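Everything quoted here is computed from the prediction, not taken from an experiment. Naming convention: chains lettered A, B, ... in sequence-line order (proteins, then strands); numbering from 1 in each chain.
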There are 2 protein chains.
Amino acid sequence: MARLKLQSEEAEQPDRWEAQLRKGALEMAALASLWRGRLYGLEIIRFLEVHSQLVLAEGTIYPILNRLKAEGLLTSEWVEAVAGHPRKYYSLTEPGRQRLRLMAEAWTGFSGGLSRLLEPVLTEKEISQ
Amino acid sequence: MARLKLQSEEAEQPDRWEAQLRKGALEMAALASLWRGRLYGLEIIRFLEVHSQLVLAEGTIYPILNRLKAEGLLTSEWVEAVAGHPRKYYSLTEPGRQRLRLMAEAWTGFSGGLSRLLEPVLTEKEISQ
DNA sequence: CACTATACATTGCTATACGAGGTATGAAGC
DNA sequence: GCTTCATACCTCGTATAGCAATGTATAGTG
């Protein structure tokens, strides 16, 4: 089974809004994780955990991968593992690469806008403008 | 009335994923818009449109403001306008300021992680590590 | 033959953005 | 004094999406 974490001890609202920040960015992150080459499901989760700040559950990544695959942005292939359960490796298609480039640009703009907005908060000064 | 925009002419999927990027960040943006002083509903929309890249509908901002108010992060007061409809001005409370600082820090971390992830895409090189 | 680890998959719940439509106030035109 | 228009606030319904929980399959270990 795995996955238990804090079920309902107390932590419940504390990081509610923080979770919202990640919403929507995960598709892009999933695509980005495949930029340098193919990875399988759980490997993508670990990759994102190491290379960014994203910790996603299995119930999150698989629907995303299926969605992206349905859109033709990536392909998958079963590969026999040396040991254990066979793995389903995902790779970016050319449309996938192209889309990711667009997303990355949009992200830059979006991120820049928000950062500008938050600058005075982080520096405790007046709005930049 | 107002508000008509493209109802269903054709544009419908084109920027579907782009919209997702904004999800969850809007609460933070709303709080941030009030950092330097009080603003009323529609004014917040205009403020965000100018100072960031966010264009939100009225049906989006009012529920957010009510939510934040219910959490005690901001207060509101009706103010008679010199002309026209009275305005409901929103102001950050101290807890609101504190929360916004936390959010801004979380945003910095989150944003940094994603940017690192997207760097190779934007520069068309290998993953930075 | 349990037991455990790894990996993929699905269902159900909840939160959220937002389009569409509505109400209230007051100013300007006729 | 109506009608019209502009400004401002509010709310319902829907679609989407993350994710906890749960299940199944494969194969190595004692």
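The side chain to side chain donor-acceptor pair (under 3.5 Å) check on A:Ser111 picks up B:Ser111, with sequence neighbours excluded. With sequence neighbours left out, B:Glu43 forms a side chain to side chain donor-acceptor pair (under 3.5 Å) with no residue at all. Checked against side chain to side chain donor-acceptor pair (under 3.5 Å), A:Glu105 has no partners two or more places apart in sequence or in another chain. Residues satisfying the side chain to side chain donor-acceptor pair (under 3.5 Å) criterion with A:Ser52, sequence neighbours excluded, are absent altogether.
Atom CD in B:Glu58 sits roughly 13 Å away from atom P in C:dA20 (whole-Å rounding). Distance A:Ile45 CD1 to D:dA20 P: 11 Å, rounded to the nearest Å. The CG atom of A:Leu42 sits 10 Å away from the P atom of C:dA9 (whole-angstrom rounding). At whole-Å resolution of the value, CH2 in B:Trp78 and P in D:dT7 are 17 Å apart. One atom, CZ of A:Arg87, and another, C1' of C:dA9, lie 17 Å apart when rounded to the nearest Å.
When distances are taken from the side chain of B:Tyr90 to each of D:dC10, D:dC9, C:dA9, the shortest belongs to D:dC10. Residue A:Pro63 has its side chain nearest to C:dT10 when only C:dT10, C:dG19, C:dC8 are considered.
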Check against side chain to side chain contact (heavy atoms under 4.5 Å, CB included), A:Val121 and B:Leu31: CA-CA 10 Å; A:Val121 178; B:Leu31 287 175; over 6 Å; no
Could you go step by step and tell me if A:Leu114 and B:Met28 meet the side chain to side chain contact (heavy atoms under 4.5 Å, CB included) rule? CA-CA 9 Å; A:Leu114 266 189; B:Met28 184 173 66; 4.0 Å; yes
May I have the step-by-step check of side chain to side chain contact (heavy atoms under 4.5 Å, CB included) for B:Leu100 and A:Leu118, ending in yes or no? CA-CA 9 Å; B:Leu100 180 53; A:Leu118 293 173; 4.1 Å; yes
Kindly list each side-chain donor-acceptor pair under 3.5 angstrom involving residues 66-80 of chain A, sequence neighbours excluded, with atom names and distances?
from, atom 1, to, atom 2, distance (Å)
A:Asn66, ND2, A:Tyr62, O, 3.3
A:Arg67, NH1, A:Glu27, OE2, 2.6
A:Lys69, NZ, A:Ser76, OG, 2.7
A:Glu71, OE1, A:Arg99, NH2, 3.0
A:Glu77, OE2, A:Arg38, NH1, 2.8

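The aromatic rings of A:Phe47 and A:His51 lie parallel to each other, with less than 30° between the two planes, well short of the 60° mark.
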Return a single string for nucleotides 25-30 of chain D, one symbol per nucleotide in 5' to 3' order, where B is base contact, S is sugar-phosphate-only contact and - is none, cutoff 4.0 angstrom on heavy atoms. BSS---
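Of the side-chain N and O atoms in A:Arg46, one or more sit less than 4.0 angstrom from OP1 or OP2 of C:dA7. Considering only side-chain N and O atoms, B:Tyr40 lies nowhere under 4.0 angstrom from the phosphate OP1 or OP2 of D:dC9. Regarding contacts with the backbone of D:dC10, every side-chain N or O of B:Tyr62 stays at 4.0 angstrom or more from both OP1 and OP2.
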Dump the pairs, protein N or O against N or O of nucleotides 14-17 of chain C, anything under 3.5 Å, distances to one decimal.
from, atom 1, to, atom 2, distance (Å)
C:dA17, OP1, B:Gly24, N, 3.4
C:dA17, OP2, B:Arg67, NH2, 3.0

